[in-house]
Amino acid sequence: MAFKPLVFSGVQPTGNLHLGNYLGAIKKFVELQNSHDCIYCVVDLHAITVWQDPAELTRNIREVTAAFLACGIDPKKHIIFNQSQVAEHAELAWIFNCVARLGWLNRMTQFKEKAGKDRENASVGLYAYPNLMAADILVYRATHVPVGEDQKQHLELSRDIAQKFNSDFKESIESRGFGEAFFPLPEPLIQGPATRVMSLRDGSKKMSKSDASDYSRINLTDDSDTIAQKVRKAKTDAEPLPSEQKGLEARPEADNLIGIYAALNDVNKADVLKEFGGAQFSAFKGSLVDLAVAKLGPIGAEMKRMVGDAAYIDGVLADGSSRAQIIAAETMKAVKDIVGFVRR
Ligand code: TYM
């Protein structure tokens, strides 16, 4: 069955939005709005799977929204909202808790990483997190999901859940005229030279919001001087840059900085190496600072301006939530009928 193309993605409001979030996800969100209908969600229900200070959570929800807007997502043509305002996400997640298998969740590497050694003490929400993520996407029957590389496994689980629901309820789905499948199998969009941006301090670690060192990442709200300092201090090796991509193998820090440059400049790594092959890092870093400041400076400045206008941000979220809810409620009605619940 052909489903109408629809893009959905989400970002957690857990502070320190960084270059990885931008290049791996938000920059793609902006590009996709020219070719698709898009729904972009600030996933606050996901954030509380680990403890969040309430005042900080509120601030972070507004900051992620400001980032979406400052990067250029149009909240009128598309939908920007926060997850907790559309109760259908949690409702469908419960049904998916009953569709997904324990064995599937036990394989999730992100849970293992986040729960660490003290697994007994992790929240049940952190464990069931991928089921909520599947619900986020499928409550809109979305077909395409732009994300960074680290979300690939969760997306595969979303597809497994959609497929199992379609097959568990096959007869019920068909008898209600929904064709052979009620849910699409959502496709991950993981493309380009920066799908996994690495820490500036250690090329073997992902750039992350929670790294103790602020020098490991470039935050979207960093000013020009901070960006320059972080790029200059970024770890490198002693060799000049290679001219061919093969020369980046086993040089994770060089590979990372070249990938960042390529993504910021909308070219590929080979193009960057053509320009900088043979150059010393000091020269390349100078160009990277100029490029990063030119691309990120205006975004950071606009974010800072917008978070000062909470009423405007909250208005965008309220409007987006009511429009999202209309679609989600329609899906939930059908899901309840398919499952066999009695409803008003
Ligand atoms: P989150 O909030 O951790 O990250 C938001 C987006 O940024 C991407 N990302 C990166 N990309 C490249 N390099 C990095 N170092 C890097 N770090 C983060 C993530 O892949 C993500 O695309 N579970 C999701 C949020 C979510 C979601 C969804 C996404 C909830 N429901 C439904 C898509 C669809 C998360 O924690 O992303």
query: Between L189 and L32, is a side chain to side chain contact (heavy atoms under 4.5 Å, CB included) present by the stated rule, with each step listed?
result: CA-CA 10 Å; L189 300 175; L32 282 161; 3.8 Å; yes
query: For F29 and C71, what are the C-alpha separation, side-chain angles and deciding distance, and is it a side chain to side chain contact (heavy atoms under 4.5 Å, CB included)?
result: CA-CA 9 Å; F29 298 179; C71 290; over 6 Å; no
message: For A318, is there any backbone N or O sitting under 3.5 Å from a side-chain donor or acceptor partner on S322?
response: yes
- prompt: Out of curiosity, E239 CD to Q280 CD, how far, rounded to the nearest 0.5 Å?
  reply: 9.0 Å
- prompt: Between H154 and Y129, is the ring centre distance below 6.0 Å?
  reply: yes
field: Side chain to side chain, L257 and L200, heavy atoms closer than 4.5 Å
entry: yes
statement: Only residue of F96, Y140, F3 satisfying ring pair (Phe, Tyr, Trp, His ring centres under 6.0 Å) with F183 is F96
- prompt: Are H18 and N219 linked by a side-chain donor-acceptor pair shorter than 3.5 Å?
  reply: no
message: Any non-hydrogen side-chain atom of C41 less than 4.5 Å from a side-chain atom of N82?
response: no
message: Using 0.5 Å steps for rounding, measure from the CG atom of L220 to the CG atom of L19.
response: 7.5 Å
task: Before accepting this row, confirm whether a basic side-chain N of the pair D150/R196 lies closer than 4.0 Å to the acidic partner's carboxylate O.
output: no
- prompt: Are any non-hydrogen side-chain atoms of Y40 and I73 less than 4.5 angstrom apart?
  reply: yes
message: Looking at Q191, is its backbone amide N or carbonyl O close enough to the side chain of T195 to form a donor-acceptor pair, meaning the two atoms are under 3.5 Å apart?
response: no
query: Transitively linked via ILVMFWY side-chain contacts under 4.5 Å: V147 with M108?
result: yes
Derivation and outcome, side chain to side chain contact (heavy atoms under 4.5 Å, CB included), residues F281 and D237: CA-CA 8 Å; F281 273 108; D237 53 43; 3.3 Å; yes
- request: Please tell me if the side chains of Q12 and H46 come closer than 4.5 Å, counting only heavy atoms from C-beta onward.
  value: yes
message: Main chain of P54, side chain of T58: is a donor-acceptor contact present, judged purely on distance under 3.5 Å?
response: yes
message: Side chains of N166 and E180: any donor to acceptor distance under 3.5 Å?
response: no
field: Verdict with reasoning, E63 to T221, per side chain to side chain contact (heavy atoms under 4.5 Å, CB included)
entry: CA-CA 10 Å; E63 190 179 82; T221 47; 4.2 Å; yes
query: Any Lys/Arg nitrogen of D202 or K235 sitting under 4.0 Å from an Asp/Glu carboxylate oxygen of the other?
result: no
- request: Verify, without hydrogens or angle tests, whether E88 (side chain) and M332 (backbone) share a donor-acceptor contact under 3.5 angstrom.
  value: no
query: Using 30° and 60° as the class limits, which term best fits the ring planes of F178 and F182: parallel, tilted or perpendicular?
result: perpendicular
task: Kindly indicate whether the side chain of Q151, heavy atoms from C-beta on, has any atom under 4.5 Å from the side chain of M133.
output: yes
Heavy-atom donor-acceptor pair, K274 side chain to S243 backbone, under 3.5 Å: no
query: So if you build clusters from Ile, Leu, Val, Met, Phe, Trp, Tyr with side-chain heavy-atom gaps below 4.5 Å, do V11 and V139 land together?
result: no
message: Could you check whether any side-chain heavy atom of K205 comes within less than 4.5 Å of a side-chain heavy atom of D211, counting everything from C-beta outward?
response: yes
message: Looking at R201 and K233, would you say the former's side chain and the latter's main chain have a donor-acceptor pair under 3.5 Å?
response: yes
query: Within the side chain of Q83, is there an N or O that forms a donor-acceptor pair under 3.5 Å with the backbone of V42?
result: no
query: Where do K28 and P146 come nearest, in terms of heavy atoms and distance?
result: CB-CB, 4.2 Å
- prompt: Any idea which heavy atoms bring I313 and M306 closest together, and the distance?
  reply: CG1-O, 3.8 Å
message: Taking R251's backbone N and O only, do any of them form a donor-acceptor pair with D255's side chain (distance below 3.5 Å, no angle check)?
response: no
field: Spatial distance of atom CD1 (I137) from atom OG1 (T143) [nearest 0.5 Å]
entry: 10.5 Å
- prompt: For the residue pair F284 and Y261, does the interplanar ring angle fall in the parallel (under 30°), tilted (30 to 60°) or perpendicular (over 60°) class?
  reply: tilted
query: Roughly how far, to the nearest 0.5 Å, is the NZ atom of K285 from the OG atom of S287?
result: 12.5 Å
query: Just by distance, do the side chain of D44 and the backbone of S84 share a donor-acceptor pair under 3.5 Å?
result: yes
query: Heavy atoms, side chains only, cut-off 4.5 Å: are L296 and I218 in contact?
result: yes
query: Just checking, any donor-acceptor pair under 3.5 angstrom between side chains of T226 and D223?
result: yes
message: Show the nearest heavy-atom pair for residues A70 and M303, with the distance to one decimal.
response: CB-CG, 3.8 Å
message: So, taking the atom named CD in Q229 and the one named OG in S224, what distance separates them when rounded to the nearest 0.5 Å?
response: 12.0 Å
- prompt: Distance under 6.0 Å and angle within 45° of the ring axis: does K336 meet both against F341?
  reply: no
message: Give me the atom names and distance for the closest heavy-atom approach of S9 to V145.
response: OG-CG1, 4.3 Å
query: To the nearest 0.5 Å, what is the distance between CG (L288) and CD1 (I260)?
result: 6.5 Å
message: Please determine whether salt bridge (Lys or Arg N to Asp or Glu O under 4.0 Å) holds for the pair D168 and K164, giving the CA-CA distance in whole Å, both sets of side-chain angles, and the decisive distance to 0.1 Å.
response: CA-CA 6 Å; D168 285 356; K164 185 161 177 1; 2.9 Å; yes
- prompt: Is it true that R62 and D309 have a side-chain N and a carboxylate O under 4.0 angstrom from each other?
  reply: no
message: Under 4.5 Å between side-chain heavy atoms, counting indirect links through other Ile/Leu/Val/Met/Phe/Trp/Tyr residues: same cluster for F68 and L57 or not?
response: yes
task: Taking only Lys NZ, Arg NE, NH1 and NH2, and the carboxylate oxygens of Asp or Glu, determine whether E302 and R305 approach each other closer than 4.0 Å.
output: yes
message: Can you confirm whether more than 12 heavy atoms, excluding those of E31, are under 6.0 Å from its CD atom?
response: yes
- prompt: Under the 6.0 Å and 45° cation-pi test, does R323 pair with F81?
  reply: no
query: Is V231 reachable from L248 through a run of I, L, V, M, F, W or Y residues, each pair having side-chain heavy atoms under 4.5 Å apart?
result: yes
- prompt: Going by distance alone, is a donor N or O of one side chain under 3.5 Å from an acceptor N or O of the other, for S172 and R176?
  reply: yes
query: So, K77 side chain and C38 main chain: donor-acceptor pair closer than 3.5 Å or not?
result: no
message: So N131 and L157, do their side chains get closer than 4.5 Å, heavy atoms only?
response: yes
task: Would you please test E253 and N256 for side-chain hydrogen bond (donor to acceptor under 3.5 Å, both in side chains) and show each step?
output: CA-CA 5 Å; E253 284 85 13; N256 189 40; over 6 Å; no
message: Can you give me the closest heavy-atom contact between K209 and R217, atom names plus distance?
response: O-NH1, 3.3 Å
query: Are L45 and F111 in one and the same hydrophobic cluster, where Ile, Leu, Val, Met, Phe, Trp and Tyr link if side-chain heavy atoms are under 4.5 Å apart?
result: no
- prompt: Between K112 and R119, which heavy-atom pair has the shortest distance, and what is it?
  reply: CG-NH2, 3.7 Å
